[in-house]
Amino acid sequence: MPKHGISPTRTEDYPEWYQQVVRAAELAESSPVRGCMVIKPHGFALWERMQAILDGMFKATGHKNAYFPLFIPLSYLEQEAKHVEGFAKECAVVTHHRLELDADGRLVPKGKLEEPLVVRPTSETIIGAMYAKWVQSWRDLPILINQWANVVRWEMRPRVFLRTAEFLWQEGHTAHATEAEALQETLQMLDIYATFAEHDLAIPVWKGPKPASERFPGAVETYSIEAMMQDGKALQAGTSHFLGQNFAKAQNISFTDKTSKEEYCWTTSWGVSTRLIGGLIMTHADDDGLVLPPRIAPEQIVLLPIYRTDEDKNAVMKCCQEMRDLIEENQWRDEKIRVRIDDRDMRGGDKAWQHIKQGVPVRVEIGPRDIANGTVSIARRDEPPKQKHAMSLTEFPKSAAELLESIQSNLLKKAVAFRESHSSKIDSKDEIPAFFDASQQDMPGFAYVHVADDPAVAKALDPLKVTVRCTPMEWEEEPGKCLFTGKTVSRRSVISRSY
RNA sequence: CGGGGCGUAGCUCAGCCUGGUAGAGCGCUUGGUUUGGGACCAAGAGGUCGCAUGUUCGAAUCAUGUCGCCCCGACCA
């Protein structure tokens, strides 16, 4: 019997461990199409949870959902110079609209399109084109629209959930009358992402502007939330872009203001993707498989009936059903607690391990002996698999919400502690190579340093495979000199390796 | 697109060097023994050995080509 649910372990081979967790938890599989994944029901359930929570937050801040086409006319992409430059390399292009059988009986593309269509890598241009029509007066503003969609970016090196050719995301696109309002929107959405990451996914993040070199093509400023994975690398978990008037000017999104003057809009865009599932795995999963924060877990509590005889089965099942009903009467964080009785006909050990690998936060075993004693056996996914707590049968349903809260906060606390123990403030250029040298330091993480937004910084960090992730806004101002250019900057930035 | 590795049963792989007609473990099905735990015994199902061409009496094995996957770089949510 292997010691762990997942082989290899994180320390043995992190990338392989990641793939094995995805497989063991039945989240996704690779597909016949290179770079594309099949998201399996358990993986998709995580995405649906994310959608539900985020969508609520978007609606609460005045946004509405809409849907724009998958195909973008090639000429649209050309409208914003930097945008083209950034995305041209990774676009899938549709050039034909019909297939015909040739003499050998093979299908060949026919019906060449007058203008090729690009499969959206992002939708700024097509949405902007619509906004240009929709906006005429200052009374039409702001436009606050989000869409849930798939996008395609033809990547060289795909990695399930983290970087796939096709992925699911949401993209918000807003247009405003003033710069201040657009900037405020950009920061508001960044805050929503950060709150969602920490409060719901239990993933601590740093949020702040990124250097010019890491900016979204066509943006004036890109803000991101950055999380640390268990191998010390940073994962950009969400982005919010202040687009200034770049797209408005390129696409003529303009309006007549209160003084009858023609003005360009100020626009924003912001998004998170199925990459978050990868972040969830790499933040919380352990050597036994996935670990889900209760808030995002499709099933928060699983009841495992244990019985041998039919007689026992009847009593145990009845007890489970009562237990489920009692638990469901309780709420946690304004939602009915999600509980399932797993009565599948299979060996108890296999069944329990399946739930461990899939990350179910709480397992409750109920057998004849428990019923006789008036107890249940509780196991938390944030504790080792064999660690179980006996608890009163009648007390448990009442304390379930408390237990979920405890697991949720413990996971965040653990993730914060991990980040803290793998981060250092560094004030000398010479200490940086050693910090990121895996042979000297078993796991390089985040270095908090003073760096200017200057190409020279990226160039200096490049040999170390390190980039400036963002300059956290929540940190106190702490003026200092850039380690590479000597320019004075007002606060520290996060630098690290990244996904 | 450069450098390395690999395609044999659902999964992990052995066999290939030294050609002779396909194996193991896990999983699956059935029966039995078990039962607070990823069990044991027995029987069974399952593979044109990535694909193509060539060499040969004979190719999983040798040669050439081709397709695909994984890892490391360049690119990125």
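Residue numbering restarts at 1 for every chain, and letters A, B, ... go by the order of the sequence lines.
With a cut-off of 3.5 Å on both Watson-Crick or G-U wobble distances, the partner of C1(B) is given as G73(B). Searching all strands for a Watson-Crick or G-U wobble partner of A42(B) with both distances below 3.5 Å returns U30(B). In this entry G58(B) has no Watson-Crick or G-U wobble partner, no candidate having both defining distances under 3.5 Å. Base pairing analysis places U48(B) opposite nothing; no Watson-Crick or G-U wobble pair with both distances below 3.5 Å involves it. Across all strands shown, U35(B) has no partner, as no Watson-Crick or G-U wobble contact with both distances under 3.5 Å is found. Across all strands shown, C16(B) has no partner, as no Watson-Crick or G-U wobble contact with both distances under 3.5 Å is found. Using N1 to N3 plus N6-O4 or O6-N4 for Watson-Crick, or N1-O2 and O6-N3 for G-U wobble, each under 3.5 Å, G7(B) pairs with C67(B).
Taking atom P on both nucleotides, U18(B) is separated from G4(B) by 23 Å, rounded to a whole Å. Taking atom P in both C6(B) and G15(B), one finds a spacing of 12 Å when rounded to whole Å. Only the C1' atoms considered, G47(B) is 23 Å distant from U66(B), to the nearest whole Å. For the P atom pair drawn from A39(B) and A45(B), the interatomic distance equals 24 Å after rounding to whole Å. Using atom C1' as the reference point in both A60(B) and G19(B), the two lie 10 Å apart (nearest Å). Atom name P, nucleotides U8(B) and C49(B): the rounded distance is 11 Å, in whole Å. Taking atom P on both nucleotides, C17(B) is separated from U61(B) by 9 Å, rounded to a whole Å. Taking atom P on both nucleotides, G23(B) is separated from G5(B) by 30 Å, rounded to a whole Å.
Between T125(A) and Q79(A), the side chains place no donor N or O within less than 3.5 Å of an acceptor N or O (distance only, hydrogens not considered).
Side-chain nitrogen and oxygen atoms of K465(A) include none within less than 4.0 Å of the OP1 or OP2 phosphate oxygen of A74(B). For C11(B), neither phosphate oxygen OP1 nor OP2 lies less than 4.0 angstrom from any side-chain nitrogen or oxygen of Q20(A).
Here the closest non-hydrogen pair linking G445(A) and F436(A) is O-CE2, 3.4 Å. When every heavy atom of N246(A) is checked against every heavy atom of G218(A), the shortest pair comes out as ND2-O, 3.0 Å.
Looking at E29(A) and R23(A), no side-chain N of the basic residue comes within less than 4.0 Å of a carboxylate O on the acidic one, giving no salt bridge. Ion pair E226(A)/K210(A) flagged as a salt bridge, since at least one NZ, NE, NH1 or NH2 atom sits closer than 4.0 Å to an Asp/Glu carboxylate oxygen. A salt bridge is defined here as a Lys NZ or Arg NE, NH1 or NH2 lying under 4.0 Å from an Asp or Glu carboxylate O, and K357(A) with D288(A) fails to meet this definition.
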Q188(A) vs Q184(A), side-chain hydrogen bond (donor to acceptor under 3.5 Å, both in side chains): CA-CA, chis, key distance, verdict = CA-CA 6 Å; Q188(A) 170 185 257; Q184(A) 193 196 338; 5.6 Å; no
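Judged by the 6.0 Å and 45° rule, R419(A) forms a cation-pi pair with W206(A).
The residue K357(A) sits close to a base: some heavy atom pair falls under 4.0 Å. Within the 4.0 angstrom heavy-atom criterion, only backbone atoms of the sugar-phosphate kind lie near Q19(A); the bases stay farther away.
Atom CH2 in W17(A) sits about 15 Å away from atom P in C71(B), given to the nearest Å. Between Y14(A) atom OH and C71(B) atom C1' the separation is 17 Å, expressed in whole Å. Here the P atom of nucleotide C70(B) and the OH atom of Y18(A) are 13 Å apart, to the nearest Å. Nucleotide C11(B) holds its P atom 14 Å from the CD atom of E26(A), rounded to whole Å.
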request  = At under 4.0 Å between heavy atoms, which parts of nucleotides 26-37 of chain B does protein reach? Answer with one letter per nucleotide, 5' to 3': B base, S sugar-phosphate only, - none.
outcome  = --------BBBB
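More than 12 heavy atoms of other residues, nucleotides or ligands shown are found within 6.0 angstrom of CH2 on W148(A).
The ring pair (Phe, Tyr, Trp, His ring centres under 6.0 Å) pairs that include a residue from residues 215-239 of chain A are H83(A)-F216(A), F87(A)-F216(A), F216(A)-H241(A), where partners are two or more places apart or lie in different chains.
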Which atom pairs link the protein and nucleotides 75-77 of chain B when you take only N or O atoms and keep those under 3.5 Å?
residue : atom : partner : partner atom : Å
C76(B)  : O2'  : E155(A) : OE2          : 3.1
C76(B)  : O2   : R163(A) : NE           : 2.8
C76(B)  : N3   : R163(A) : NE           : 3.4
C76(B)  : N3   : R163(A) : NH2          : 3.4
A77(B)  : O3'  : Q236(A) : NE2          : 2.8
A77(B)  : O3'  : R275(A) : NH1          : 3.1
A77(B)  : O2'  : Q236(A) : O            : 3.2
A77(B)  : O2'  : R275(A) : NE           : 3.1
A77(B)  : O2'  : R275(A) : NH1          : 2.5
A77(B)  : N6   : T164(A) : N            : 3.4
A77(B)  : N6   : T164(A) : O            : 2.5
A77(B)  : N3   : S273(A) : OG           : 3.4

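Between W270(A) and F58(A), the ring centre distance stays below 6.0 Å.
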